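Read through the structure below, which is laid out as structure tokens, and then see the notes.
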Amino acid sequence: MTSTGFGKGCHLHLIDGSAFIFRAYHALPPLTRKSDGLPIGAVAGFCNMLWKYISGQNGSNAPTHVAVIFDHSSKTFRNDIYPEYKANRPELPEDLRPQFPLTREATRAFNVACIETEGFEADDIIATLACQARDAGGAVTIVSSDKDLMQLVGQGVNMLDPIKNKAIGPDEVVEKFGVGPDRVVDVQALAGDSVDNVPGAPGIGVKTAALLINEYGDLEALLERAGEIRQPKRRQTLIDFAEQIRISKKLVQLDCQTPLDFSLGSLEVRDPESEALLDFLSRMEFRTLTARVAETLGVEAPAVVSAPASIAPAAPDMPAMGANGYQTLSDLAALEAWIDDIRETGHVAIDTETTGLDEMQAGLVGISLAVRPGDACYIPLAHVEGEGDLFGSGDRLPGQLETAEVLEALKPVLEDPAILKIGQNVKYDWKILARHGISMAPVTDTMLMSYALNAGTHNHGMDELAERYLGHKCIPIKELIGSGKAQIGFAQVAIDKAAPYAAEDAEVTLRLWQHFAPLLSSERVTTAYETLERPMIPVLAGMEMAGVKVNGDTLKRMSNAFAQKMAQLEEEIHQLAGEKFNVGSPKQLGEILFDKMSLSGGKQGKTGAYSTSADVLEDLAAEGHDLPARILDWRQVAKLKSTYTDALQSHVNPDTGRVHTSYSIAGAQTGRLASTDPNLQNIPVRSDEGRRIREAFVATPGHRLVSLDYSQIELRILANVADIPALKQAFRDGIDIHAMTASQMFHVPVEGMDPMVRRQAKAINFGVIYGISGYGLSRNLRIPRAEAQAFINTYFERFPEIRVYMDKTVADAKEHGFVRTLFGRRINTPGINASGPAAGGARRAAINAPIQGAAADIIRRAMIRMHAAIRHLPAKMLLQVHDELVFEVEESAAEDLIAAARQVMEAAAEPAVKLSVPLVVDAGIGENWAEAH
DNA sequence: ACGCTCACG
DNA sequence: GACGTACGTGAGCGTA
């Protein structure tokens with residue numbers, strides 16, 4: 001061995017970088033850096049393996065030269081031979097992508113050669129290096145268990161499986177492929193590879209391929225003499241697919257001629273430079289590894305703080321809000337300086353200011369950035385003349401950078417996988433920027449961090465969080481834009497007023513991130529945040545931007561019909577009442593019903609007003625009164641018209657012709673989403689007349705709407721978490737769950753069951769999920785309270801596990817102040833120790849939360865995985881309605897979509913949770929939502 | 001701004 | 001023994 005070259009006696013180790021990364025990623029839970037939530041699990045595993053590898057090598061097998069080889073780009077010469085090559089590869093998990101650059105950084109930090117070449121796969125580089133080293137008379141060990149590399153094994157070249165720590169020589173290759181290393185490509189060419197999408201010969205696997213190759217010697221001989229094969233089907237396959245097999249061979253044959261711009265000698269093993277290595281490890285916040293490496297290198301371990309240098313300042317040193325004054329950027333040089341700072345720091349808090357609140361229409365007015373406390377800036381882009389003057393010129397104010405220029409400069413930063421973008425409700429900013437061609441990643445969200453930590457305790461708006469956790473009162477937006485009729489748009493706000501407001505928002509966001517990030521792990525909600533909250537941002541943004549097509553003409557016609565009907569009913573009502581009054585006013589109606597007509601039904605509520613709710617009116621109608629019956633009819637029509645047919649039309653986006661709802665991720669306490677502007681989660685379905693509104697939700701021509709919904713998901717979760725054998729068995733057997741309940745309770749056979757009996761059992765089943773009471777059930781079923789209570793008692797006798805679950809859940813809530821779902825979502829229960837009437841409510845909420853919450857978790861998991869699962873189909877996910885997902889798909893692919901989406905939904909709990917009951921998904925297809933549901 | 005009513009799961 | 005009570009949402013309307 002020489003220091004300048006490579007030759008006899010040298011031993012080169014080639015480490016397959018991707019294999020290390022994937023192995024590390026899948027072997028470890030989704031770890032995140034404590035200080036900022038950056039996903040870091042694969043990097044941690046990678047470093048551990050690399051260190052173990054480097055420090056553990058000794059004896060005769062020790063390398064003299066070593067390199068880690070990475071893939072560089074997805075397109076290689078193989079795509080020219082066969083465009084479909086590796087086309088089936090699933091998309092990288094979102095939390096893995098940003099870790100790739102970090103593993104390269106890690107390799108360099110360990111002072112190991114880090115090799116990648118544009119347009120070439122790691123396997124080809126490995127092949128080239130192995131050939132060169134072997135030809136120079138040295139030995140080679142390829143550290144990988146990838147079967148595609150086994151063709152390289154032979155004289156002077158062997159492999160090492162890093163997981164099993166087992167050598168792979170010619171014997172092991174024969175064991176795997178049935179042929180020696182020199183014939184491996186022939187077998188692979190025949191057998192194909194579904195992972196890499198190498199076609200091979202249909203119906204021929206490794207076993208058959210090896211048999212054939214061993215019989216005929218090699219692939220060419222086999223193809224030439226294919227006519228001699230005795231089995232007719234096999235013979236025909238080899239004749240018909242000869243060309244495809246030859247292409248397959250070219251795909252699997254590794255290229256030993258990759259151009260390399262370094263010599264083998266430069267790969268010589270070097271000791272790590274302890275300072276650089278320890279700096280990297282401590283920046284990653286790997287405590288154990290940092291200490292271990294420091295010990296081995298014989299140096300002092302640097303302190304690993306959960307907050308890296310940039311966010312470390314202790315409270316007394318923490319600069320005050322806006323300490324350095326907020327900078328307003330008006331030239332590109334200043335912006336470049338900020339960009340440099342962001343790159344250096346590795347993260348940035350960002351906030352966009354816009355002309356309105358509808359992300360699909362609002363224009364970008366300015367962007368604010370913050371890198372560390374005390375340092376924030378505002379970039380005004382589209383402020384116009386006109387504050388305090390209704391007739392302002394509307395001209396763009398001077399002193400602002402061009403939007404296009406600013407976005408062009410920021411785009412590489414916002415899309416850089418190694419730079420974390422921090423936002424407060426960042427889905428909003430993500431959508432605004434997406435409309436300008438920027439796909440922001442990776443992102444993290446202080447609102448969602450607060451939700452993961454504090455759901456149930458308080459809301460998660462920025463002003464509230466700033467006051468609670470930073471003791472800072474934000475500038476109210478009203479001070480800038482006013483309120484009510486005199487309200488102006490943000491673009492009309494003077495720049496010198498807008499800048500401190502906007503920059504403050506970015507700085508508050510940064511500080512909230514510093515506050516929340518370490519709490520995620522100490523409060524044990526990192527997994528919930530990383531798997532249930534953060535990945536929802538791009539998923540929902542995509543659905544919201546896609547929107548759903550709504551037929552405005554259909555709605556208009558319905559509105560007209562409803563208006564006619566309302567007028568008719570109104571006339572009838574006035575006649576029955578004997579006077580004209582506002583039918584829509586509960587107050588006036590109550591006075592007519594109960595004062596004027598003296599019907600039974602008392603006052604209610606603290607306002608002293610009569611209740612005229614549907615319950616009350618239904619009772620009166622049942623007594624034979626016409627007026628309440630007509631009122632109920634009128635209300636139904638009025639509701640449909642005002643809330644649906646009228647309002648929905650106004651929500652059709654003029655640019656897209658579609659309706660774009662917005663989902664709040666952190667709105668509901670339990671993990672459910674909430675849909676707003678408009679709410680598409682409460683479109684009528686229960687009444688025939690209301691359901692017709694769904695006919696206005698349509699697929700574009702040539703497409704279909706597909707709806708998939710979970711069957712009885714909450715009851716299935718109840719059966720699982722409360723561990724109720726009878727219920728679990730019923731779900732496993734796929735029998736009618738309500739009939740089964742009735743049968744168990746009332747000792748009647750399921751066959752020929754009275755529908756009323758089943759209905760009662762169904763009401764009880766649902767009641768249990770809500771924390772049932774005799775009173776509630778009696779109202780729901782309209783039966784005497786004593787009877788309802790008797791049902792409940794029987795139910796608990798039959799299914800005693802439910803009582804146990806309820807008691808345990810409430811006890812948990814009291815002890816910890818929160819409950820958790822199966823998936824680790826935390827829902828706080830601050831009211832649980834209250835006394836008085838509120839206590840009952842808090843109890844029921846605590847009982848319900850783990851059930852409703854787990855169902856919400858499951859559909860979130862399905863949605864997060866859906867994109868990759870249906871990527872190959874001409875389909876888009878459009879809507880979520882708690883247990884239902886709605887897609888739009890090209891007509892011909894509808895069945896394929898159902899198969900793929902159902903698979904994802906039914907397996908959504910796994911692998912985190914193995915439910916003891918199956919999840920079942922029903923599906924429907926139609927030209928509109930009414931048909932599909 | 002708040003309460004009532006009612007649409008959904 | 002009395003007291004209230006189903007769980008989780010959002011929107012439109014009338015009233016103060």
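Since the structure is predicted, the reported quantities are computational estimates derived from the model, not experimental observations.
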- Could you tell me the separation between the CG atom of A:Leu648 and the C1' atom of B:dA7, rounded to a whole number of Å? 13 Å
- Message: Students often mix this up, so state it plainly: with edges at 30° and 60°, are the rings of A:Phe594 and A:Tyr610 parallel, tilted or perpendicular?
- Response: tilted
- Full working for side chain to side chain contact (heavy atoms under 4.5 Å, CB included) between A:Leu915 and A:Arg716: CA-CA 9 Å; A:Leu915 291 176; A:Arg716 287 170 198 266; over 6 Å; no
- Starting at NZ of A:Lys762 and ending at P of B:dG9, how long is that distance when rounded to a whole Å? 11 Å
- For A:Leu673, report the nucleic acid contact type (base, sugar-phosphate, nothing); a contact means any heavy atom under 4.0 Å. nothing
- Query: Between C:dT9 and A:Gln669, is there an OP1 or OP2 to side-chain N/O distance shorter than 4.0 Å?
  - Reply: yes
- Rounded to whole Å, OH of A:Tyr610 lies from C1' of B:dG3 at a distance of 18 Å
- Message: Side-chain N or O of A:Thr612 versus OP1/OP2 of B:dT5: is the shortest distance under 4.0 Å?
- Response: yes
- Item | Rounded distance in Å - CD (A:Glu714) to C1' (C:dA6) | 13 Å
- Query: With respect to the phosphate group of B:dA7, does any side-chain polar atom (N or O) of A:Arg686 fall under 4.0 Å of OP1 or OP2?
  - Reply: no
- Whole-Å gap separating C1' (B:dG9) and OH (A:Tyr770): 7 Å
- Message: Could you identify the nucleotide paired to C:dC7, looking across every strand shown and requiring Watson-Crick or G-U wobble geometry with both distances under 3.5 Å?
- Response: B:dG9
- Taking the side chain of A:Arg635 as its heavy atoms from C-beta onward, which of C:dG4, B:dG9, B:dT5 lies nearest to it? B:dT5
- Message: Quick check for you: to the nearest 0.5 Å, what is the distance between A:Thr670 atom OG1 and A:Asn848 atom CG?
- Response: 7.5 Å
- Message: So A:Ala763, base contact, sugar-phosphate only, or nothing? Heavy-atom distance under 4.0 Å.
- Response: base
- Query: With sugar-phosphate meaning primed atoms plus P, OP1 and OP2, does A:Ile772 contact a base, only sugar-phosphate, or nothing at under 4.0 Å between heavy atoms?
  - Reply: base
- Answer yes or no: side-chain N or O of A:Arg843 and base N or O of C:dT5 forming a donor-acceptor pair under 3.5 Å. no
- Note on the structure: Whether each nucleotide of nucleotides 10-16 of chain C has a protein heavy atom under 4.0 Å at its base (B), only at its sugar-phosphate (S) or at neither (-) is summarised, 5' to 3', as BBSSSSS
- Parallel, tilted or perpendicular, as decided by the 30° and 60° cut-offs, for the rings of A:His738 and A:Phe766: tilted
- Just call it for A:Arg779: base, sugar-phosphate, or nothing, with non-hydrogen atoms closer than 4.0 Å on any strand. nothing
- Starting at the 5' end of DNA chain C, which residue's closest nucleotide do you reach first, A:His882 or A:Ser773? A:Ser773
- Item | A:Gln789 CD to C:dG1 C1', straight-line distance once rounded to whole Å | 15 Å
- Query: Any chance the rings of A:Tyr795 and A:Phe791 have centres within less than 6.0 Å?
  - Reply: no
- Item | A:Arg860 CZ - B:dG9 C1' separation (whole Å) | 15 Å
- Donor on one side chain, acceptor on other, A:Asn560 and A:Gln564, under 3.5 Å: no
- Item | Pairwise distance CG(A:Leu627) to CG(A:Leu593) - rounded to 0.5 angstrom | 5.5 Å
- Task: Quick one: label A:Ala638 by what it contacts on the DNA or RNA (base, sugar-phosphate, nothing), any heavy atom closer than 4.0 Å.
- Result: nothing
- Message: Suppose we define a pair by two distances each less than 3.5 Å, Watson-Crick or G-U wobble; what does B:dA1 pair with here?
- Response: C:dT15
- Item | N/O donor-acceptor pair, side chain A:Arg844 with base C:dG8, under 3.5 angstrom | no
- Item | Integer angstrom distance from the P of B:dA7 to that of C:dC3 | 32 Å
- Item | Sole residue of A:Ile665, A:Thr531, A:Val539 in side chain to side chain contact (heavy atoms under 4.5 Å, CB included) with A:Arg860 | A:Ile665
- Query: Say you pick atom P in B:dC6 and the same atom in C:dA6; how far apart are they, in whole Å?
  - Reply: 15 Å
